[in-house]
Each structure stands twice: as structure tokens, then as C-alpha cells.
Amino acid sequence: MIDLEKDVKYIKGVGPNRVKLLNKLGIFTLKDLITYYPRTYEDRSKPKNIAECIDGEEVLIEAYASGRVSDVRLRGKTMQKLVIRDETGVATAVWFNQSYLKNKFEQGKKYTFYGKVNNTFGRITINSPVFDEEGKTSNTGKIIPIYPLTFSLSQNTIRRIMENAIKEIEGNLEETLPEYILK
């Protein structure tokens, strides 16, 4: 059986820097990690058409990249814009200071985007969306846990660490329920 008192530093994806961040959250052992519950969940599994987007809502959009990511300079910041489209309309995905996105999208390829929509005078913008290529579900296409965090520890990082911990204990925990309940 697995040792739930195992130090969190031995979990895949946890290095010396992340141990300190996890410790700030009160996570010291494998047991602490697997009992660190999300504060809420986001349902990123139900896509909407661009034409159905309402101002201020967070939505999942399945759309094609209509071009390449363009950079717009604004007072010391750089804004990245990508025009996306589906069969019902066109929208613009917008990020700030993320120049690495320039090579992330391929024109004509389908992606899923999740973020907050701005619908001003019929112009739809999705701000700082997380995204996946079609067929992948690391950030979209499922219900995503949202954990309480500390500075420098991202949602993606803690989700990856949590997935590694769960894989490690899966099938290795001793059953604690009485036999009559199991039946």
C-alpha cells in the first residue's frame, strides 16, 4: 500500500521551489495534497456559438483561427490579437504580454477557447482565453477544478501536480469502508 505521509517533494512535478509554495498552502504530505480540495469548479464542457455569446459571460467557443496572431503596442504593453470564426460569426481573442502565442496558432485549424466575452456594438472579444487544439482537453472540454492558491503557483501547475498524485495512489489505497456498506 502507499504511504500517505510521504513528503510532497517526492511527487512528480514538485521541485524545491514548488515545495516551498505548497508548504505555504499547508501541503506537506501526499495526504495533505489529495485532501486539498478545490474552492469551486468551472464547467468548460459546453461550447457555444459565437453568435450566442452574451456580454460578460464566460464561455467555451470552438472556432477556427482565421489568420495569424498580430501584435499591437500600447504604452509599454503588447497586446496579441487573433481573429477566430465559427459557422455563426467572428470574434477576436485578446491576450496581453504573451508574445509566445505568435507561433501557437495555425490558420484554418480548429481550437477551443474559454474566457470572458465582451460584446460591444456587435463586436465580440474573448479576453485572455485559455485554449486547446481540437481534440485535446488539458484546459477546456471538461469540468475544471479551481484551487485556492498562493503567489507564483498557477492553476495549471497545481492541477498537474494533483493529477500526478492521484495517478500515484490510484488502486493503491486500502479500503476503509465496512464490507456491509460495500455490498
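Residue numbers start at 1 and run along the sequence shown.
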(request) Spell out, yes or no, whether V83 and V94 are grouped together once hydrophobic residues are joined by side-chain heavy atoms under 4.5 Å, including indirect joins. (result) no
(message) Looking at K167, I want to see if its NZ is surrounded by more than 12 non-hydrogen atoms of other residues, nucleotides or ligands under 6.0 Å.
(response) no
(request) Report yes if some heavy atom in the side chain of W95 is under 4.5 Å from a heavy atom in the side chain of L82; otherwise report no. (result) yes
(request) Examine Y100 and F113 and state if one hydrophobic cluster contains both, with Ile, Leu, Val, Met, Phe, Trp and Tyr joined whenever side-chain heavy atoms are less than 4.5 Å apart. (result) yes
(request) Taking D32 for its side chain and I27 for its backbone only, find out whether a donor-acceptor pair lies under 3.5 Å. (result) no
(request) Please say which of N139, T112, I126, L101 ends up in a side chain to side chain contact (heavy atoms under 4.5 Å, CB included) with F131. (result) L101
(message) For K102 and D71: C-alpha separation, side-chain torsions, deciding distance, then whether side chain to side chain contact (heavy atoms under 4.5 Å, CB included) applies.
(response) CA-CA 8 Å; K102 261 193 153 341; D71 282 344; 3.5 Å; yes
(request) Following the transitive rule for hydrophobic clusters with a side-chain heavy-atom cut-off under 4.5 Å over Ile, Leu, Val, Met, Phe, Trp and Tyr, establish whether Y41 and I158 coincide in one cluster. (result) no
(request) Identify, with sequence neighbours excluded, every residue that meets side chain to side chain contact (heavy atoms under 4.5 Å, CB included) alongside P148. (result) Y36, R39
(message) For a quick check under 3.5 Å, do D132 and S138 share a side-chain donor-acceptor pair by atom type?
(response) yes
(message) Tell me whether K31 at atom NZ has more than 12 heavy atoms from other residues, nucleotides or ligands lying less than 6.0 Å away.
(response) no
(message) Tell me which one of V59, T88, L60, V117 satisfies side chain to side chain contact (heavy atoms under 4.5 Å, CB included) with K48.
(response) V59
(request) Would you confirm whether N49, through its side chain, and A51, through its main-chain N or O, come within 3.5 Å as a donor-acceptor pair? (result) no
(request) Given side chain to side chain contact (heavy atoms under 4.5 Å, CB included), test I50 with I61 step by step and report yes or no. (result) CA-CA 7 Å; I50 290 174; I61 298 172; 3.7 Å; yes
(message) Do I84 and S66 make a side-chain contact, defined as non-hydrogen atoms from C-beta onward lying under 4.5 Å apart?
(response) no
(request) Check for a donor-acceptor pair, side chain of K142 on one end and backbone N or O of T137 on the other, with a separation under 3.5 Å. (result) yes
(message) For T157, is there any backbone N or O sitting under 3.5 Å from a side-chain donor or acceptor partner on S154?
(response) yes
(message) Counting neighbours of NZ on K110 that are heavy atoms of other residues, nucleotides or ligands and sit closer than 6.0 Å, is the number greater than 12?
(response) yes
(message) I'd like to check L21 versus S152 (side-chain heavy atoms, cut-off strictly below 4.5 Å). Are they in contact?
(response) yes
(message) Does K81 have more than 12 heavy atoms from other residues, nucleotides or ligands lying within 6.0 Å of its NZ?
(response) no
(message) Taking the basic N atoms (NZ, or NE/NH1/NH2) and the acidic carboxylate oxygens, is any pair closer than 4.0 Å for K116 and E57?
(response) no
(message) Working to the nearest 0.5 angstrom, can you tell me the gap between K20 NZ and L153 CG?
(response) 14.0 Å
(request) Find the distance between CD1 (I54) and CG (N118) and round it off to the nearest 0.5 Å. (result) 13.5 Å
(request) Answer yes if L149 and V130 sit in the same cluster of Ile, Leu, Val, Met, Phe, Trp and Tyr residues linked by side chain heavy atoms under 4.5 Å apart, and no otherwise. (result) no
(message) Any side-chain to backbone donor/acceptor pair from D86 onto G89? Under 3.5 Å, distance only.
(response) yes
(request) Could you grab the distance from atom CD of E163 to atom CD of E168, nearest 0.5 Å is fine? (result) 14.0 Å
(message) So, taking the atom named CZ in R73 and the one named CZ in R75, what distance separates them when rounded to the nearest 0.5 Å?
(response) 15.0 Å
(request) Would you check if the side chain of N97 reaches a backbone N or O of T78 as a donor-acceptor pair within less than 3.5 Å? (result) yes
(message) Just verifying a value: how many Å separate E52 CD and N119 CG, rounded to the nearest 0.5 Å?
(response) 12.5 Å
(request) Using a 4.5 Å cut-off on heavy atoms from C-beta on, say whether the side chain of E42 contacts that of Y114. (result) yes
(message) Does any part of the side chain of R159, heavy atoms only, come nearer than 4.5 Å to the side chain of Y147, both counted from C-beta?
(response) yes
(request) Would you check if K109 and F105 make a side-chain contact, meaning some heavy-atom pair closer than 4.5 Å? (result) no
(request) Flag the pair S70 / Q80 as yes when at least one side-chain heavy-atom distance between them is below 4.5 Å, and no otherwise. (result) no
Just distance, no hydrogens or angles: give the donor-acceptor pairs under 3.5 Å from side chains in residues 11-18, sequence neighbours left out.
| from | atom 1 | to | atom 2 | distance (Å) |
| --- | --- | --- | --- | --- |
| R18 | NH1 | G13 | O | 2.8 |

(request) Assess whether side chain to side chain contact (heavy atoms under 4.5 Å, CB included) is satisfied between Y37 and T35, documenting all intermediate values. (result) CA-CA 6 Å; Y37 301 113; T35 57; 3.8 Å; yes
(request) Report yes if the side chains of Y64 and E134 come closer than 4.5 Å at any heavy-atom pair, otherwise no. (result) no
(message) Tell me whether I161 shares a hydrophobic cluster with F28, the cluster being built from Ile, Leu, Val, Met, Phe, Trp, Tyr side chains joined at under 4.5 Å.
(response) no
(request) Working to the nearest 0.5 Å, report the span between CD1 of I144 and CD of Q155. (result) 10.0 Å
